[in-house]
Each structure stands twice: as structure tokens, then as C-alpha cells.
Amino acid sequence: VQLQASGGGLVQAGGSLRLSCAASGGTFSMSDMGWFRQAPGKEREFVGAISWRSGGRTYYADSVKGRFTISRHNAAKMVYLQMNSLKPEDTAVYYCAQGGLGPREYEYDYWGQGTEVTVSS
């Protein structure tokens, strides 16, 4: 399994970005997918996740709830992170990961390389 995250960039506070994660190999349609982020000087933290099961239930960290939305397109083997109302504290490298739904890194089997998001004030 390989995961390729993209879509990062520089955005002003209050703006939006959509990150994408392309998966290859494995059984994407039956894999839970998650997003994590790591800000400079901080540990990597859970952003959210989406279930592979019917309905695609989503889970979010409190810090992004109501602003970020995770979706997936199984046929295209893609998962997305729509980020709205961005804040400077959202600045981080964002990673997609496959295999889990919770906030613990060990739940996930595969990781992408990360895409950098910078939110200017």
C-alpha cells in the first residue's frame, strides 16, 4: 500500500484548503482512513478519520470539529480533507494513514509522506 498526500500550501487565516490522499495497492474500499498532523516542534496528532463501512462514519478531533470534513471516493481510491475557517494553529504537515479510526498512531498500518499546510495570520 502506498499513500500520496497532496494539496497543501499557504493560505490566509479564514481561508480553505482541500487535501487529497491517493491510495494504491491494498483494499482501499475496505480500509478505514485517517488524517493526522504535526505542527513544528509538536507531536503528531489525530485530525480525523472515516470508516470504510456503509455511510462512511467520520470522527474528528475537537480542535477541528465543525471546520474540517473528511470524505472518500472508493472507486478512485481517494480520501479528502476539506479544511475551512483555517487558523494559524492549523499550520502543520498533514499525513493520511490507512487502517484505523481512532486517535492512536499504532492503529494505522500505512502512512503517506505528508503535505505541508501554512496558515498566515
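Numbers here simply count residues along the sequence, with the first being 1.
Pairs of residues two or more places apart, or lying in two chains, that qualify as disulfide (SG to SG under 2.5 Å) and include a residue from residues 61-121 are Cys21-Cys96. Under the side-chain hydrogen bond (donor to acceptor under 3.5 Å, both in side chains) criterion, the residue pairs touching residues 40-50 are Arg37-Glu45, Arg44-Glu105, with sequence neighbours excluded. Annotation: ring-ring contact (aromatic ring centres under 6.0 Å, His included) contacts involving residues 13-38, sequence neighbours excluded, comprise Phe36-Phe46, Phe36-Tyr108, Phe36-Trp111.
Taking the side chain as every heavy atom from C-beta outward, Tyr110 and Gln2 never approach each other to under 4.5 Å.
Across all non-hydrogen atoms, the minimal contact from Ser31 to Gln98 is OG-NE2, 2.9 Å. Across all non-hydrogen atoms, the minimal contact from Met33 to Val79 is CE-CG1, 3.9 Å. For the pair Ser16 and Asn84, the tightest heavy-atom approach, listed with the atom from each and the gap, is OG-OD1, 2.9 Å.
Residue Tyr80 is found in a hydrophobic cluster whose other members, listed by chain and number, are Met78; membership requires side-chain heavy atoms under 4.5 Å apart, directly or through intermediates.
With rounding to the nearest 0.5 Å, the separation of CG in Asp90 from OG in Ser63 is 7.5 Å. Atom OG1 of residue Thr91 and atom CG of residue Leu10 lie 8.5 Å apart, to the nearest 0.5 angstrom.
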Return a table of donor-acceptor pairs under 3.5 angstrom between the side chains of residues 113-121 and protein atoms on other chains or two or more places apart.
| residue | atom | partner | partner atom | Å |
| --- | --- | --- | --- | --- |
| Gln113 | OE1 | Ala5 | N | 3.3 |
| Gln113 | NE2 | Ala5 | O | 2.9 |
| Thr115 | OG1 | Gly8 | N | 3.0 |

Under 3.5 Å, which donor-acceptor pairs do the side chains of residues 47-62 form with other protein atoms, sequence neighbours left out?
| residue | atom | partner | partner atom | Å |
| --- | --- | --- | --- | --- |
| Ser51 | OG | Arg53 | N | 3.0 |
| Tyr60 | OH | Ile70 | N | 2.7 |
| Asp62 | OD1 | Lys65 | NZ | 3.1 |

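Tracing side-chain contacts under 4.5 Å through hydrophobic residues (I, L, V, M, F, W, Y), one reaches Tyr94 starting from Val64; they form part of the same cluster. Hydrophobic cluster membership differs between Leu17 and Val93, with clusters built from Ile, Leu, Val, Met, Phe, Trp and Tyr side chains linked at under 4.5 angstrom.
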Checklist entry - Checking side chain to side chain contact (heavy atoms under 4.5 Å, CB included) for the pair Arg72/Lys77: CA distance, chi angles, key distance, verdict? => result CA-CA 8 Å; Arg72 63 189 297 160; Lys77 294 189 175 182; over 6 Å; no
